[in-house]
Enquirer: 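Have a look at this one before I ask anything.
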Amino acid sequence: MSELKAIGWFQNLKDDELKQVEAMGIMKQYRAKEAVFVQGEILTHYFFVVDGLIHAYHQNRDGKKWIASLFSCGDLFPHTGLVDEENRYPANGETITPCTLFMIRREKMHELMNCFPSIERQLTQFFAKKSQELMNRYSDSVLEPALVQLVSLLKRLAQQSGVRATDGWVLISAMMTEQDMAGYIGVTPETVSRLLNRLYREKRAKSVGRGKIYINVERC
DNA sequence: CCATTAATTGGCA
DNA sequence: TGCCAATTAATGG
């Protein structure tokens with residue numbers, strides 16, 4: 001059960017403290033494409049990602065969806081209600097791949113911060129990092145063409161869950177679908193499909209069946 | 001298998 | 001690039 005140590009937040013805790021933290025929440029398994037929370041509902045729990053990929057997205061009445069953020073191992077979400085008074089989920093949370101999440105009630109989360117100041121400091125750093133990521137992503141969405149944004153996304157996935165293969169190729173498995181990528185970048189699925197095929201032609205990436213892509217780190 | 005969903009492709013704005 | 005339509009591929013019973 002000490003999977004918690006692996007996610008970064010609790011590394012400098014003593015064993016008994018770690019047990020104390022484990023007792024404050026529960027480890028939960030999710031299947032792929034399973035809802036974790038719904039936008040607008042009362043915020044009852046926070047989630048630490050132990051394993052897997054989750055997205056938070058907004059959706060309009062036509063069903064168009066925009067992925068606000070991606071969470072992988074070591075991330076904590078949602079990001080509201082901890083240092084402000086917001087008490088509803090700001091977006092829809094849904095797993096992309098099968099996931100293992102450490103789930104902790106809101107009240108316990110505040111208790112956790114009070115009991116362990118070191119974790120509260122990490123939270124501040126975490127927010128700063130996420131804020132920076134969001135700003136970079138937004139500037140890319142305005143300044144860069146979709147191809148560049150797609151490559152950035154693939155690089156990020158490679159860095160987070162990629163497996164090194166032979167000579168400069170990294171395998172990204174357990175991938176988002178192309179629709180997900182489209183939703184993240186803010187373009188249509190057709191565009192993503194065409195851009196990916198372009199990357200394949202240019203030998204900057206290659207496909208290994210659905211959901212698995214090799215990317216050439218050097219050329220990207 | 002069939003039904004459903006995802007991805008591809010071509011045409012046109 | 002986006003949107004639409006027509007196919008083709010893949011996935012899950």
Side-chain angles (χ1 to χ4, degrees), chain A residues 28-41 47 49-73 75 77 89 91-101 133-166 168-217 219-220:
Chain A
K28 187 168 176 183
Q29 301 289 144
Y30 285 83
R31 299 181 306 261
K33 294 182 181 173
E34 189 169 359
V36 178
F37 53 74
V38 175
Q39 176 172 8
E41 292 195 340
F47 304 84
V49 183
V50 176
D51 186 46
L53 188 65
I54 302 92
H55 60 181
Y57 66 92
H58 292 268
Q59 197 166 33
N60 70 10
R61 288 172 191 162
D62 299 331
K64 278 185 187 170
K65 113 181 183 184
W66 179 70
I67 296 179
S69 42
L70 288 175
F71 305 115
S72 59
C73 181
D75 284 329
F77 66 92
Y89 288 109
N92 297 292
E94 191 179 300
T95 61
I96 289 177
T97 66
C99 292
T100 304
L101 305 180
E133 279 179 15
L134 185 60
M135 219 176 280
N136 287 336
R137 185 179 158 210
Y138 185 66
S139 92
D140 278 355
S141 77
V142 174
L143 300 173
E144 303 292 351
L147 179 64
V148 175
Q149 297 182 59
L150 179 60
V151 170
S152 298
L153 172 59
L154 290 176
K155 276 182 180 172
R156 179 176 160 191
L157 291 172
Q159 187 190 334
Q160 287 174 349
S161 65
V163 179
R164 299 192 171 290
T166 47
W169 293 91
V170 175
L171 174 62
I172 311 172
S173 53
M175 279 278 297
M176 306 167 71
T177 63
E178 293 183 12
Q179 289 188 341
D180 290 331
M181 295 186 235
Y184 184 80
I185 297 172
V187 297
T188 59
E190 293 96 319
T191 298
V192 169
S193 174
R194 286 172 168 129
L195 292 176
L196 278 176
N197 280 317
R198 197 156 117 206
L199 290 177
Y200 299 151
R201 279 200 303 280
E202 293 171 358
K203 309 259 195 278
R204 298 169 69 185
K206 48 185 173 183
S207 170
V208 195
R210 219 185 195 65
K212 288 180 187 170
I213 293 178
Y214 278 102
I215 74 167
N216 188 319
V217 186
R219 310 183 58 166
C220 287

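So you know, we letter chains A, B, ... as the sequences are listed, proteins then strands, and number each from 1.
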Enquirer: Output the rounded distance in Å from CZ (A/R198) to C1' (B/dA7).
Expert: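 Rounded to whole Å, this separation is 18 Å.
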
Enquirer: List in chain and number order the residues that pass ring pair (Phe, Tyr, Trp, His ring centres under 6.0 Å) with A/Y89, two or more places apart in sequence or in another chain; answer none if no residue qualifies.
Expert: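 Partners of A/Y89 under the ring pair (Phe, Tyr, Trp, His ring centres under 6.0 Å) test: A/F37.
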
Enquirer: Applying side chain to side chain donor-acceptor pair (under 3.5 Å) to A/D180 and A/T177, what does each step give before you reach the verdict?
Expert: CA-CA 5 Å; A/D180 290 331; A/T177 63; 3.2 Å; yes

Enquirer: Go through the structure and list residues passing ring pair (Phe, Tyr, Trp, His ring centres under 6.0 Å) with A/Y214, not counting sequence neighbours.
Expert: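 None.
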
Enquirer: For A/R137 and A/A68, indicate whether the former's side chain and the latter's backbone hold a donor-acceptor pair under 3.5 Å.
Expert: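 Side chain of A/R137 to backbone of A/A68, a donor-acceptor pair under 3.5 Å: yes, one is there.
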
Enquirer: Under 3.5 Å, which protein N or O atoms sit close to an N or O of nucleotides 3-8 of chain C? Give each pair with its distance.
Expert:
from, atom 1, to, atom 2, distance (Å)
C/dC4, N4, A/E190, OE2, 3.0

Enquirer: Show me the donor-acceptor pairs, under 3.5 Å and distance only, between side chains in residues 183-191 of chain A and residues at least two apart or in other chains.
Expert:
from, atom 1, to, atom 2, distance (Å)
A/Y184, OH, A/R156, NH1, 2.9
A/T188, OG1, A/T191, N, 3.4
A/T188, OG1, A/T191, OG1, 3.0

Enquirer: Please report, rounded to the nearest Å, how far the P atom of C/dG13 is from the CZ atom of A/R31.
Expert: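 In whole Å, C/dG13 P lies 10 Å from A/R31 CZ.
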
Enquirer: For a quick test of reading the model: is some side-chain N or O of A/S193 closer than 4.0 Å to OP1 or OP2 of B/dT8?
Expert: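 Yes.
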
Enquirer: What distance do A/T95 atom OG1 and A/E34 atom CD have between them, rounded to the nearest 0.5 Å?
Expert: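 Between atom OG1 of A/T95 and atom CD of A/E34 there are 6.0 Å.
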
Enquirer: So A/F71 and A/F77, would you call those rings parallel, tilted or perpendicular, with 30° and 60° as cut-offs?
Expert: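 Ring orientation, 0 to 90° scale: parallel.
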
Enquirer: Please report the distance, rounded to the nearest Å, between CD in A/E178 and P in C/dG2.
Expert: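 That distance rounds to 14 Å.
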
Enquirer: Only counting residues at least two apart or in another chain, list the ones meeting side-chain contact (heavy atoms from CB on, under 4.5 Å) with A/R164.
Expert: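 A/R164 satisfies side-chain contact (heavy atoms from CB on, under 4.5 Å) with A/V170 only.
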
Enquirer: Taking CG from A/L150 and C1' from C/dT1, how many angstroms apart are they, rounded to a whole number?
Expert: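 Going from CG in A/L150 over to C1' in C/dT1 covers 14 Å.
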
Enquirer: A/L195 has an atom CG; how far is it from atom P of B/dT9, in whole Å?
Expert: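 One finds 13 Å between P of B/dT9 and CG of A/L195, rounded.
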
Enquirer: Determine whether more than 12 heavy atoms belonging to other residues, nucleotides or ligands lie under 6.0 Å from atom CD of A/Q159.
Expert: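 No - once you tally the heavy atoms of other residues, nucleotides and ligands closer than 6.0 Å, there are 12 at most.
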
Enquirer: Taking only the side-chain nitrogens and oxygens of A/K33, find out if one of them lies under 4.0 Å from OP1 or OP2 of B/dA6.
Expert: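 Checking B/dA6 against A/K33, a side-chain N or O does come within under 4.0 Å of OP1 or OP2.
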
Enquirer: Nearest whole angstrom, please: distance from the C1' of C/dT1 to the CG of A/L147.
Expert: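 To the nearest whole Å, that distance equals 13 Å.
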
Enquirer: Taking only the side-chain nitrogens and oxygens of A/N197, find out if one of them lies under 4.0 Å from OP1 or OP2 of B/dT9.
Expert: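 Checking B/dT9 against A/N197, a side-chain N or O does come within under 4.0 Å of OP1 or OP2.
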
Enquirer: Please tell me which of the listed nucleotides, C/dT1, B/dA6, B/dT8, lies nearest to the side chain of A/A146?
Expert: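 Comparing C/dT1, B/dA6, B/dT8 against the side chain of A/A146, the answer is C/dT1.
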
Enquirer: Atom NZ of A/K212 to atom P of B/dA6: distance rounded to whole Å?
Expert: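 Value for this atom pair: 19 Å.
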
Enquirer: Could you check which residues of residues 180-187 of chain A get a heavy atom under 4.0 Å from DNA chain C? Sort them by number, please.
Expert: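 Listed by number, they are A/G186, A/V187.
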
